[in-house]
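Numbering of residues begins at 1 and proceeds along the displayed sequence.
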Amino acid sequence: MKRALVTGGSGEIGAAICRALGAAGIHVVVHAMRNAPRAAQVADAIRSAGGSAEQVTFDVTDTGQCAEAAKALLRDGPVQIIINNAGIHDDAPFAGMRREQWKRVLDVTLDGFFNVTRPLLLEMMATRWGRIVNMASVAGLAGNAGQVNYAAAKAGLIGATKALAVEVAKRGVTVNAIAPGIVASPMTAAAFPPERIKALVPAGRAGVPDEVAAAVLFLVSDAAAYICGEVISVNGGLYR
């Protein structure tokens, strides 16, 4: 049974990804940093549905914690699927953005990608089969006012995706990114009323987490073995 680590598995999109992977017969390691009880619920739900899952808690910005977590996971064998989904946003106009807002958003997205992926990569490559999917955003492709930090972090993640894809493709490992647009969640509902979504999104609605999870599930499948270094937008036509 292949094993997948999903960072930020306690969030709406992360939980949907975990459920999809679990239903596909993959052992899912559901990660959380602050909301461990929610991650435990996600893991419990996967097991209740007949799947295999466990929950882990560590700070993706802490190199030491990530190294220890990787060491513990590798005792049971290689982790062949990594979904770098953990991320935060802390919005403000750039002229008034505090350094802490800038640094924290980049730390979680970019340092998190490095801290989580690097310690697991050699063992993945040794199996000559692996899938890494990084959760980017349309903000990293098109920019968004008030989110210079978030857009910079996601654009950097896209660059890292493309570079790492070139490095590891010869070992049977693919690296791709998903760039969601407006996806329904309590946070989205507060920021984007229905009439604004209809005006912005050609599809006329917000996406749902399961639609993002479906794209992730495809990228980790054998059917996507020749897709490498790509960014797949799941956005209903936004920013076309």
Side-chain angles (χ1 to χ4, degrees), residues 1-62 65-88 108 112-113 115-117 119-121 123-124 126-127 129-135 173-178 180 183-188 207-225 232 234:
M1 179 182 289
K2 291 185 172 66
R3 301 164 70 221
L5 170 62
V6 181
T7 67
S10 61
E12 295 292 328
I13 291 176
I17 293 169
C18 290
R19 290 192 297 268
L21 294 174
I26 296 165
H27 176 79
V28 185
V29 181
V30 185
H31 162 268
M33 184 169 65
R34 292 190 179 90
N35 200 351
R38 168 61 175 154
Q41 289 174 1
V42 173
D44 286 343
I46 292 170
R47 289 191 293 267
S48 295
S52 177
E54 63 185 287
Q55 184 263 326
V56 295
T57 304
F58 59 88
D59 184 349
V60 299
T61 71
D62 187 309
Q65 287 189 33
C66 291
E68 287 300 314
K71 184 178 178 180
L73 288 171
L74 291 172
R75 291 192 190 106
D76 294 324
V79 176
Q80 290 179 284
I81 300 169
I82 303 172
I83 314 298
N84 286 300
N85 174 68
I88 62 169
V108 173
F113 158 77
N115 291 338
V116 169
T117 306
L120 300 172
L121 187 59
E123 285 76 6
M124 178 192 292
T127 71
W129 192 100
R131 300 288 187 266
I132 300 170
V133 180
N134 298 321
M135 199 59 57
V173 176
T174 67
V175 189
N176 293 287
I178 300 287
V183 177
S185 70
M187 180 179 64
T188 300
V208 297
D210 285 343
E211 290 172 315
V212 179
V216 173
L217 190 61
F218 169 66
L219 286 177
V220 305
S221 72
D222 288 332
I232 297 180
V234 181

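- Looking only at side-chain heavy atoms (C-beta outward), L120 and Q80 stay at 4.5 Å or farther from each other.
- Formation of a donor-acceptor pair under 3.5 Å by the E68 side chain with backbone atoms of Q65 is not found in this model.
- When only modelled atom types and interatomic distance are considered, E12 and S185 share no side-chain donor-acceptor pair under 3.5 Å.
- Here the closest heavy-atom approach between residue G25 and residue M1 is recorded as O-CG, 3.4 Å.
- Taking every heavy atom of both residues into account, A215 and V234 meet most closely at CB-CG2, 4.0 Å.
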### Task
Could you check I132 against L121 for side-chain contact (heavy atoms from CB on, under 4.5 Å), going step by step and ending with a plain yes or no?
CA-CA 10 Å; I132 300 170; L121 187 59; 3.9 Å; yes
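- Contact record, A20 with L217: O-CD1, 3.9 Å, taken as the closest heavy-atom pair.
- Residues A4 and I26 come closest through the heavy atom pair CB-CG2, 3.7 Å.
- Here the closest heavy-atom approach between residue T127 and residue P78 is recorded as CG2-CG, 3.6 Å.
- With values rounded to the nearest 0.5 angstrom, E123 atom CD is found 11.0 Å from L73 atom CG.
- In this structure a side-chain-to-backbone donor-acceptor pair under 3.5 Å is present from N85 to G8.
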### Task
Check step by step if side-chain contact (heavy atoms from CB on, under 4.5 Å) holds for V60 and H31.
CA-CA 10 Å; V60 299; H31 162 268; 3.7 Å; yes
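- Although no hydrogens or angles enter the test, the distance criterion places no donor-acceptor pair under 3.5 Å between the side chain of N134 and the main chain of A177.
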- Task: Evaluate the criterion side-chain contact (heavy atoms from CB on, under 4.5 Å) for residue pair E211 and V183; output intermediate values, then yes/no.
- Result: CA-CA 9 Å; E211 290 172 315; V183 177; over 6 Å; no
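- Distance NE2/H27 to CD/E54: 3.5 Å, rounded to 0.5 Å.
- Across all non-hydrogen atoms, the minimal contact from V79 to R3 is CG1-O, 3.7 Å.
- In this structure, V212 and M135 have side chains that are in contact, with non-hydrogen atoms separated by less than 4.5 Å.
- Contact check for N176 versus I232: no side-chain heavy atoms found under the 4.5 Å cut-off.
- Atom-to-atom distance recorded for T7:OG1 and N115:CG is 11.0 Å, nearest 0.5 angstrom.
- For the side chain to side chain contact (heavy atoms under 4.5 Å, CB included) with L219, the lone residue among I83, V133, V175, I81 that qualifies is V133.
- The distance from atom CD1 of I13 to atom SG of C18, rounded to the nearest 0.5 Å, is 12.0 Å.
- The line from CG of D59 to CZ of R34 is 7.5 Å long, rounded to the nearest 0.5 Å.
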